[in-house]
Engineer: 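Please read through the structure below; I'll follow up with questions.
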Protein chains: 2
Amino acid sequence: MKSMASTSEKILDIAQSLIVAGGYNGFSYADISAAIGIRKASIHHHFPTKAELVAVLVDRYRQQAETGLQALRAQVASPAEQLQFYLNYWDTCIRDASQPFCVCAMLAGEMPMLPDEVASRVRAHFQSLAAWLASVLSAGAQQDLFRLNGRPEEEAQILMASVHGAMLSSRAFGDPGLFIAIISTQVAKLTK
Amino acid sequence: MKSMASTSEKILDIAQSLIVAGGYNGFSYADISAAIGIRKASIHHHFPTKAELVAVLVDRYRQQAETGLQALRAQVASPAEQLQFYLNYWDTCIRDASQPFCVCAMLAGEMPMLPDEVASRVRAHFQSLAAWLASVLSAGAQQDLFRLNGRPEEEAQILMASVHGAMLSSRAFGDPGLFIAIISTQVAKLTK
DNA sequence: TACAGCCTTCCTACTGGTAGGTAGATCACA
DNA sequence: TGTGATCTACCTACCAGTAGGAAGGCTGTA
C-alpha cells in the first residue's frame, strides 16, 4: 500500500491541478466530483465554499514550499546549489507535466477578482519566496559565488519574475524545454 | 465629438479589460451586456460565440501591437530608445491602471483550456513579440549599445519573460511601481 | 456484551442564479 | 423592400450552495 491520501487531500490535489490548468474560474465542484468519484455535496462537506477550498489549498501549497525551501537551505551547503535545486525542481515539474505551473503565479494573474482570503495568501507566498531568494543570493554574494548588480532584494525580485515569466513562455510556446533555456542563461549572469 | 467607436469595438474594449482582470473564464456576455448597455443577444449578433469574440480580440490586439512596434522601429532611431519606449508603454499602462496586464500573457496562463482558435493566436503574439525584441537587441548589439551574453533570440526570451513576470509580481504585490523597478535593473545589465 | 448517543462521511434531491446560445419580432435606415 | 442592429423571450446546461437522511465508526454506560 502506498497512497492512503484522505478525501480532503484528494480534493485539494485535484483542485490544484485544475487551477494550474485554468485558474480560479476554470474549475468547478462538479469537475472535482467527476475526477475523484464523489458527489458535489460531499465536497461541500469538506470545504463549505469555493473560496475556502482555494484558501486552504494555497495554505497547504505555501507550507509545502516553505518546508521544502527551508530543508534546502539546511541540507545543501552552497547557495549556488540551493538556487540550482530550486530551479531544477520547477524544470522537472514542467518537463513531466506533473505541475507545469506555480499555482500562486496562476492565481496572481487573476488577483483583481480573487476573494480576499485567497488574494492575501497569494501575496504572502510571493513575499516569502522573494525573501528566500534574497537570502540565498545574499549568502552567495558573501561567498563570492554570485555577482549582484543591485541589492539582494532587487535581484531576488528579478529572478522571481524571470521564473514566473519563463513558466508563462514555456506554456505559451508549448515547449517544456524553454523554461530552463531562459532561466539558465539568466542565472549564468549572476554566477559568472 | 470624440469617440464614435462602433458597438463591436466597444464590445471588444470591454471584453479586453475583463479578460485582463480575470482571464477567459472570468467574464461573461452578461458582464459585457451590463457594461455597455446592450442585451446579451445583441452581442451574439456581433460575435456568435465566445471563442470567436476572443479570437477577434486577440487578432485586434496583435495588430495594434505589431503596428505600434513597427512604428517604434521606424520613428525612433536608437535600439536602446526603442526598447525604453516599449517598456515605458507598459509602465504607464500599469501605473494608470488602464491596461495593467498584457491580454496575451493573461491568456497564455490559461493555455491548456483555451479554445484552439484562441490558443494559436496567443502563441503567434508571443512569437512576434520575441522576434521584435530579438531584432532590437541585435541591432543594439551591433551599435555597441547592448552587451549580450547570449544570442539575441535567447536574450529576447529572457527579456520577454522578465516583462511578463514583472507584470505578475506587480499585480501580486499590488504595487504598480514594482514593474519598472524590476525591469530597469534588468535592462541595466544589458545596456551597461 | 450490548445498547445508546454522537460524529463523520457521503448520499439523493433540490434551490436560485448564471452560463453560452437561439428564435423570432421590431426598429431604423438606405 | 430589404438589410443590419437590436430587442424580448426563451432554452439547456451548469454553477455554487443547501436540506435532510442513511451508513458506519467511536465512546460511554449498563
Side-chain angles (χ1 to χ4, degrees), chain A residues 1 3-19 21-58 60 106-107 110 112-119 121, chain B residues 1 3-58 60 103 106-107 110 112-119 121:
Chain A
M1 281 299 155
S3 72
M4 274 294 287
S6 71
T7 300
S8 57
E9 274 176 354
K10 276 193 266 184
I11 292 170
L12 293 175
D13 289 342
I14 295 292
Q16 185 160 329
S17 70
L18 289 171
I19 289 175
Y24 186 87
N25 290 306
F27 80 102
S28 72
Y29 274 43
D31 294 330
I32 301 173
S33 163
I36 65 177
I38 204 180
R39 299 294 112 172
K40 265 191 342 166
S42 308
I43 302 172
H44 279 285
H45 167 72
H46 293 279
F47 304 100
T49 69
K50 192 180 184 180
E52 195 167 318
L53 192 165
V54 177
V56 171
L57 185 155
V58 174
R60 188 185 69 151
M106 192 70 202
L107 292 171
E110 307 179 282
M113 51 150 15
L114 244 36
D116 289 347
E117 48 196 316
V118 176
R121 285 168 165 85
Chain B
M1 286 291 157
S3 71
M4 275 296 284
S6 70
T7 300
S8 58
E9 273 176 356
K10 276 193 267 184
I11 292 171
L12 292 175
D13 289 342
I14 295 292
Q16 185 160 328
S17 70
L18 290 171
I19 289 175
V20 165
Y24 186 87
N25 291 307
F27 81 101
S28 72
Y29 272 45
D31 295 330
I32 301 173
S33 162
I36 65 178
I38 204 179
R39 298 294 114 170
K40 266 190 340 167
S42 308
I43 303 172
H44 280 285
H45 168 73
H46 294 278
F47 304 100
T49 69
K50 192 180 184 182
E52 196 168 318
L53 192 163
V54 178
V56 171
L57 185 156
V58 175
R60 188 184 70 151
V103 69
M106 192 71 201
L107 292 171
E110 306 179 284
M113 52 152 11
L114 245 35
D116 289 348
E117 47 196 318
V118 176
R121 286 168 166 85

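Naming convention: chains lettered A, B, ... in sequence-line order (proteins, then strands); numbering from 1 in each chain. All values below come from the heavy atoms of this structure, side chains included, with hydrogens, waters and symmetry mates left out.
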Engineer: Taking only the side-chain heavy atoms of A41(A) (C-beta and beyond), determine which of dT18(D), dC10(C), dT6(D) contains the nearest atom.
Structural biologist: dT18(D)
Engineer: To the nearest angstrom, how far is L18(B) atom CG from dA19(C) atom P?
Structural biologist: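 My rounded result for the distance is 11 Å.
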Engineer: Measure the distance from CZ on R39(B) to C1' on dG4(D) and round it to the nearest whole Å.
Structural biologist: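 Spelled out: CZ on R39(B) to C1' on dG4(D) is 19 Å.
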Engineer: Assign F27(A) to base, sugar-phosphate, or nothing according to its heavy-atom contacts below 4.0 angstrom with the strands shown.
Structural biologist: sugar-phosphate
Engineer: dC14(D) P sits how many Å from K50(B) NZ, rounded?
Structural biologist: 15 Å
Engineer: Among D116(B), L107(B), V58(B), whose side-chain contact (heavy atoms from CB on, under 4.5 Å) with R121(B) holds?
Structural biologist: V58(B)
Engineer: Rounded to whole angstroms, how far apart are CG on N25(B) and P on dA16(D)?
Structural biologist: 11 Å
Engineer: Are OP1 or OP2 of dT6(D) and a side-chain N or O of H46(B) less than 4.0 angstrom apart?
Structural biologist: yes
Engineer: Could you check whether the side chain of K40(A) and the base of dG17(D) have a donor-acceptor pair of N or O atoms closer than 3.5 Å, going by distance alone?
Structural biologist: yes
Engineer: May I have the distance from I11(B) (atom CD1) to dA5(D) (atom P), rounded to whole angstrom?
Structural biologist: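 The answer, rounded to whole Å, is 10 Å.
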Engineer: Could you check which of dG17(D), dG21(C), dC10(C) has an atom nearest any side-chain atom of H45(A)?
Structural biologist: dC10(C)
Engineer: Could you state the CD-P distance from E52(B) to dG21(C), rounded to the nearest angstrom?
Structural biologist: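 Distance check: E52(B) CD to dG21(C) P gives 10 Å.
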Engineer: Calculate the interatomic distance between H44(A) atom NE2 and dT18(D) atom P; express it in whole Å.
Structural biologist: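 These atoms are roughly 7 Å apart.
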Engineer: Which one, dC7(D), dA19(C), dA16(D), comes nearest to the side chain of Y29(A)?
Structural biologist: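 Out of dC7(D), dA19(C), dA16(D), the nucleotide with an atom closest to Y29(A)'s side chain is dA16(D).
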Engineer: Could you tell me the separation between the CD1 atom of I19(A) and the CD1 atom of I14(A), rounded to the nearest 0.5 Å?
Structural biologist: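 The CD1 atom of I14(A) is 12.0 Å from CD1 of I19(A), to the nearest 0.5 Å.
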Engineer: Identify the heavy atoms of N25(A) and M113(A) that sit nearest to each other, and give their distance.
Structural biologist: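 Reported closest heavy-atom pair: ND2-SD, 3.1 Å.
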Engineer: Any side-chain N or O of T7(A) less than 4.0 Å from the OP1 or OP2 oxygen of dT9(C)?
Structural biologist: no
Engineer: Can you measure from NE2 (H46(A)) to CD1 (I32(A)) and round to the nearest 0.5 angstrom?
Structural biologist: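 If we round to the nearest 0.5 Å, H46(A):NE2 and I32(A):CD1 are 11.5 Å apart.
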Engineer: Taking all non-hydrogen atoms of both residues, which atom of G22(A) and which atom of M106(A) are closest, and how far apart?
Structural biologist: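 Shortest heavy-atom separation between G22(A) and M106(A) comes out as C-CE, 3.9 Å.
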Engineer: At under 4.0 Å, does any side-chain N or O of S28(A) touch on OP1 or OP2 of dC15(D)?
Structural biologist: yes
Engineer: By nearest nucleotide on DNA chain D, pick out whichever of F47(A) and I38(B) is the more 5' one.
Structural biologist: I38(B)
Engineer: How would you label the contact of A30(B) with the nucleic acid (heavy atoms, under 4.0 Å): base, sugar-phosphate, or nothing?
Structural biologist: sugar-phosphate
Engineer: Under 4.0 Å: is that the gap between some side-chain N or O of T49(B) and OP1 or OP2 of dG20(C)?
Structural biologist: no
Engineer: Taking only side-chain nitrogens and oxygens of S42(B), does any of them come within less than 4.0 Å of OP1 or OP2 of dC7(D)?
Structural biologist: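 Yes, such a contact exists.
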Engineer: Give the rounded distance in Å between these two atoms: CD1 of I43(A) and C1' of dT8(C).
Structural biologist: 17 Å
